[in-house]
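As structure tokens, the structure follows; a few thoughts come after it.
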Amino acid sequence: MDQKKIVIGVIGADVHAVGNKILYHAFTQAGFHVINLGVMVSQEEYISAAIEADADAIVVSSLYGHGELDCRGMREKCDESGLKGILLYVGGNIVVGKQPFEDVEKRFKAMGFDRVFGPGTPPETTIDALKEDLGVAE
Amino acid sequence: MDQKKIVIGVIGADVHAVGNKILYHAFTQAGFHVINLGVMVSQEEYISAAIEADADAIVVSSLYGHGELDCRGMREKCDESGLKGILLYVGGNIVVGKQPFEDVEKRFKAMGFDRVFGPGTPPETTIDALKEDLGVAE
Amino acid sequence: MDLRNKKIDEGVFMASRGEVLAQWPTGSRVDLQEAVDFHKSLPESKIFSRKLADAKKHRKTLIQPRAGVALLQDHIKLLTFLQDHGEADLLPTTIDSYTRQNRYKEAENGIEESVRQSKSMLNGFPAVNHGVDGCRSIIQSLDVPVQVRHGTPDARLLTEITYAGGYTSYEGGGISYNIPYAKSVSLESTIRDWQYVDRLTGLYEEMGISINREPFGPLTGTLVPPSISHAVAIIESLLAAEQGVRNITVGYGQCGNLIQDVAAIRSLEEMTEEYLKVYGYDDVVVTTVLHQWMGGFPQDEAKAFGVISWGSVVGALAGATKIIVKTPHEAMGVPTMEANAQGLRCTKQVISMLADQPLNNAQVTAEKEIIKAETKCILDKCFELGEGDIAVGAVAAFQTGVLDIPFAPSRFNAGKLLPARDNDGAIRILTPGAVPFSKELLDFNAAKIEERAKSEKRAASFQMVIDDVYAIGKGRLVGRP
Amino acid sequence: MDLRNKKIDEGVFMASRGEVLAQWPTGSRVDLQEAVDFHKSLPESKIFSRKLADAKKHRKTLIQPRAGVALLQDHIKLLTFLQDHGEADLLPTTIDSYTRQNRYKEAENGIEESVRQSKSMLNGFPAVNHGVDGCRSIIQSLDVPVQVRHGTPDARLLTEITYAGGYTSYEGGGISYNIPYAKSVSLESTIRDWQYVDRLTGLYEEMGISINREPFGPLTGTLVPPSISHAVAIIESLLAAEQGVRNITVGYGQCGNLIQDVAAIRSLEEMTEEYLKVYGYDDVVVTTVLHQWMGGFPQDEAKAFGVISWGSVVGALAGATKIIVKTPHEAMGVPTMEANAQGLRCTKQVISMLADQPLNNAQVTAEKEIIKAETKCILDKCFELGEGDIAVGAVAAFQTGVLDIPFAPSRFNAGKLLPARDNDGAIRILTPGAVPFSKELLDFNAAKIEERAKSEKRAASFQMVIDDVYAIGKGRLVGRP
Ligand code: B12
Ligand code: B12
């Protein structure tokens, strides 16, 4: 089995680094090849990293509440840059405040994210989803 | 001004004594003549004490949750015993559980209580009400 | 018949047993041997005494709610919820107030009303009315041990039914379920009725079933100085042990001052073990329970969580074997199951965070010495009054005000002693009544209160006591002017 | 220009001031003398430094929330609610993350989006965009002092506008608002930009307006050993004092172990006062702030209340001058105003109950000695690296890993040091990186971690750190396997 490549990072002006460091560790342990852009990543940076590495998925974290503003247009930008159909996840505390997760999920799916995860999602959940979506056998 | 007489006590199988002791103290300080029946008082005991003392009001406490069962028929019994129109208050934690106070008040007023007070009512509030209803000048 | 602290004679016991079981129709279903067999069929995980002994060994602090509603299925649902969503280690069945007064007819009405109105019209579970099989279906539905919690002066029938129903722990005692819970029931009769309960517990014990017994520590829950509740807990432990009880949990209601509370739990455990040993009961397992603040609560739920957490901190730092948990609805009424589970989860979070942090310091040691000395003064006098018999002595002690519980409703309580907080919030004695403290200890208490009076620039008086009664409800510990 | 810990020359300051005020149109409204006059018109009750000094004198612990929304009227409504229904003693204005990155255009978008969607689309209040008069209407609407809280590496314009807007306290510092809050901003530039902030504060001070300054104590909020955050707080205090700041609040994020936390707050206050005195700043009023647990929170609100209360207990027992309060929504998102007020009321209840109960014991004293010795090792080395100049030394210390903040996002942070909890839950050093502890202290830390490893029957490793990061969120303090 060849190693799947995923690009991770925290979008926008967001500096929450702890979860990112832990996700890097967990994804690597789980057998993925991880390109970690760290915090404060712009849409453009994710996209060029994904192109450069020929990545299978982009995993966007947003913790600080501006996720909704920061993630707009990301799918379109992927499409324009030749990353049509690339797997796009978003997770963390992606909106401002405590909101019903169903509404939030709907809004981010409408923006073109394949999967949307709520606050405190454990790494195992993300890993299972990635394996499923990328067809990695257990 | 002649001293107004009030009968107080905790109804039913209720043994919550602390509030009762404090009400006795507070009502006495406020200038009332207080007949304190203590805890575990039956409807009959209130009524005979009120008749005996020629009281102006009966102040029923119920803390333990059975107030609704214990207070039923009290107004009718007063009427039958010749205490027609006597001022009847009830207060404390008079129902089981946290319930909207408006509903509770309605139910107890329908039972014939002149005033109904919610959990934690300070003595001053009761004293003001008594003074108003009994026409005691400040 | 004379009241004595002596194991009840089997003939005498069996004779009164017949009467007890005849008090309400459900009594006829009780069969001791069959009940023991039922207990033997229970898995270890459902046995209270095992779980407590284990927690004591591993220095774990367990959590337990209060809970009880009128109808059986609702009660099971409630306890299941508290187990699954409240992370309760131990469960209760809180009995309603009619049953506590042996008014089974009124309890029956309450059940019927509850069915009619589809909500619990009783403040607890009427176990006598629901009977042995009702109780067993509760025990069978749950994964953790369940205890009967009540406040019943004459609890003989309730004990028979719930023991046969599979309960493995039982709260109460001849003093602690009389003075705070009754108005005109004599102490002689409640001590005697509780000797029955303890003897029944002893019988189960002799047949291989160790049922945990728990004197009710907090008494009126209102400004009770530790030495007074300690004295009662130790007396009830001695009375229970004499009847053959071998697993005892002594309790204490949080007073609010960290040092005093930690010292109280530690000294309670030590003294109870000591006294049991000295009086020849060598094989009793003693554990402790801290009750989160038992007095008036703040109405605001956020503030109530603060009070709940503070009790949890104290329980964990003191190393209590279990904590009885309050809920954010405390000031308002019997909690919903959600509110009850919230109190539990809040407590679990705090005690887990503090699990590895016992508190030891010189202040705690000093306060322990004070509490022990005070308790000893009271107990010495009780033994003296009873000419060596603690049952007799206890009755005489209440008559003379040697034991005097603040704010108690019972007319057999002197009600002369007044407590108040000192300047640090510890509960001290303002008006000693007839409490038999040494001059040194009386002076210590007086000086502590005087220190506060000075700092508040007012004389110590009943107003100070009233202020202290309201204080926690109003968001403070000490009721300052 | 060389970085030095020297008061900025007036000419130099005024020159850069022009540039700063030109960064966004609202800057032109700032006029120093007019601003000072506005401050002079404020009643005492609205002045942060007064209220803190007073609290310190009377050993009171004050409470303060975090709060900020995009729109002015909503922000005023929010703060009024927290004052009236949260019983907040001090109020904040938390700034949004775009403003923190000087992205005023994006903040403007956020404001417009918020108007369109009638809900705050920003995670804080964009004060630069709202300008001086917006800020003044906030100050005027409230009865208690208000502070700017943010996380802005280059906060010069924000300071100018909010000071002119009447804010009387300001959080941040050249290290504490860089390393945890930025990815690739150099330390030289942030220290310099914060010298500007401090110099501006000094100018107000010289004109009779004492504005309180607060280095951000918790840094990344994630397992930061006290000695590291203490070193940063003391360095920033020295830098601020040199620019003329005279009222400083040093901060610390609760670690969760009672003894370590109490020792940390006490040692922080003592050491900061000492260092300021030794370096010739005699007239600085030093107060302390405890931040309730700054790491990941449990999602369950009842459990969150437990965490909030535990922080309150520690703040009260340590005698911190103020506590920064979390909310039951912490794990989920920016809290509603109700949730925010709940966190405050819970905290108020706990600290009032504990107001008269300071904790003193030998364990605290011993832990204080450890923290002080560790902090001194770091600071000595910083001074050495800077050849006596602490600004230069701080930069060099980060370059060499002498100062190394766990989990920081900045690429100017070494990231070699790894912390972990010991068996009692105190935060110790697992992998020291280049931290310049004495051999004795390194051994002490290693032994403490080893003790835990043994008790958990596993080797100490990064997995332990991960487990500790998740622990409180999962309802424990120590992340046991
Ligand atoms: C202390 C206490 C006890 C002590 C009582 C000791 C004693 N003998 O006095 C003990 C531990 C023994 C106890 C037992 C029980 N308690 Co209790 N107890 C409390 C508690 C914590 C405080 C009561 C108190 O003393 N408050 C301080 C005094 C000063 O305030 P107060 O009693 O409210 O009285 C004031 C006002 O209400 C008002 N007031 C009172 N009467 C009236 C009348 C009028 C007309 C007016 C205007 C005002 C007024 O003025 C008083 C003075 O300010 C309350 C909860 C709370 N409030 O925090 C529960 C509470 C009252 N108890 C409760 C219950 C259920 C019980 C028990 C059934 C079982 C149990 N859970 O253990 C038993 C009942 C025994 C019985 N047969 O009565 C429930 C009642 C539930 C409900 N109504 O839905 C409560 C609310 C707790 C709860 N949330 O579950 N309890
Ligand atoms: C620590 C912390 C900080 C530290 C961060 C230090 C650092 N540089 O890393 C400091 C103090 C600096 C900080 C600053 C701020 N913070 Co902050 N912070 C937190 C806190 C308490 C913990 C975050 C954390 O480290 N958790 C532990 C890690 C392991 O978990 P995690 O980050 O959630 O990541 C895990 C999962 O979410 C998941 N995950 C993450 N990304 C993804 C992506 C996918 C696809 C999937 C499936 C899963 C996934 O996996 C991760 C590993 O398990 C949270 C609240 C909380 N969660 O308790 C607030 C929180 C995230 N912060 C918040 C805010 C608002 C801020 C500030 C704007 C202002 C402030 N209030 O001070 C600034 C923002 C600065 C900026 N520009 O980003 C808000 C966000 C609000 C919202 N979304 O509505 C929160 C939720 C607090 C709150 N309730 O207000 N913060």
Side-chain angles (χ1 to χ4, degrees), chain C residues 85-87 256-260 293 298 300-310 312-314 316-317 327-328 338-339 341-364 421-426 452 455 471-472 474-478 480, chain D residues 85-87 256-260 293 298 300-310 312-314 316-317 327-328 338-339 341-364 421-426 452 455 471-472 474-478 480:
Chain C
H85 300 281
E87 306 171 25
N257 171 284
L258 176 63
I259 301 300
Q260 188 174 40
W293 177 244
D300 178 59
E301 296 190 19
K303 294 189 171 192
F305 275 117
V307 178
I308 289 169
S309 300
W310 183 221
S312 313
V313 167
V314 166
L317 292 180
T327 84
E338 288 79 13
Q342 283 175 346
L344 286 163
R345 292 198 305 269
C346 175
T347 300
K348 191 59 141 281
Q349 176 77 29
V350 173
I351 59 170
S352 313
M353 290 190 299
L354 273 77
D356 311 302
Q357 308 185 41
L359 183 73
N360 288 306
N361 69 30
Q363 286 168 294
V364 169
R421 293 193 184 276
D422 70 15
N423 212 35
D424 306 323
R452 168 176 170 193
S455 113
I472 283 195
K474 289 189 174 165
R476 305 237 14 156
L477 181 60
V478 183
R480 311 267 187 208
Chain D
H85 300 281
E87 306 172 23
N257 171 283
L258 176 62
I259 302 299
Q260 188 174 40
W293 177 244
D300 177 59
E301 296 190 20
K303 295 190 172 191
F305 275 117
V307 179
I308 288 170
S309 301
W310 182 222
S312 313
V313 167
V314 166
L317 292 179
T327 85
E338 287 79 13
Q342 283 175 346
L344 286 164
R345 292 199 304 269
C346 175
T347 301
K348 190 60 141 280
Q349 176 77 28
V350 173
I351 58 170
S352 312
M353 291 190 299
L354 273 76
D356 311 302
Q357 308 184 43
L359 182 75
N360 287 306
N361 69 28
Q363 286 168 293
V364 169
R421 293 194 184 277
D422 69 16
N423 212 35
D424 306 324
R452 168 177 172 194
S455 113
I472 283 195
K474 288 187 175 168
R476 305 237 16 156
L477 181 60
V478 183
R480 311 265 187 212

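Each chain gets a letter, A, B and so on, in the order its sequence line appears, and its residues count up from 1. Only a predicted model underlies this, so the values are computations on that prediction, with no experimental measurement involved.
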* Between C:Q342, C:E87, C:R476, C:Q357, which residue shows the highest count of heavy-atom pairs closer than 4.5 Å to chain D? -> C:Q357
* Can you tell me if D:W293 uses its side chain to pair, donor with acceptor, with the backbone of D:G256 under 3.5 Å? -> no
* Asked: Measuring heavy-atom distances to chain D, does C:V307 have an atom under 4.5 Å in its side chain, in its backbone, in both, or in neither?
  -> both
* **Interface moiety of D:A355 toward chain C, non-hydrogen atoms closer than 4.5 Å** => side chain
* Asked: Any sub-3.5 Å donor-acceptor pair from D:D424's side-chain atoms to D:A426's backbone N or O?
  -> no
* chain D contact via C:R480 - side chain, backbone, both or neither, heavy atoms under 4.5 Å -> side chain
* Asked: If you tally heavy-atom pairs under 4.5 Å against chain D, which of C:V364, C:V350, C:L258 wins?
  -> C:L258
* Test: D:D300 and C:K348 ion pair at under 4.0 Å -> no
* **C:L344 CG to C:Q349 CD distance, which is reported to the nearest 0.5 Å** => 13.5 Å
* To do: With a 4.5 angstrom heavy-atom cut-off, could you sort out which part of C:I308 is near chain D: side chain, backbone, both or neither?
  => neither
* Asked: Any donor-acceptor pair under 3.5 Å linking the side chain of D:T327 with the backbone of D:A339?
  -> no
* Asked: Quick one: what part of C:L317 sits under 4.5 Å from any heavy atom of chain D, side chain, backbone, both or neither?
  -> side chain
* Which one of D:G425, D:G306, D:P328, D:P298 has the most heavy-atom pairs closer than 4.5 Å to chain C? -> D:G306
* From D:D356 CG over to C:N257 CG, what is the distance, rounded to the nearest 0.5 angstrom? -> 9.5 Å
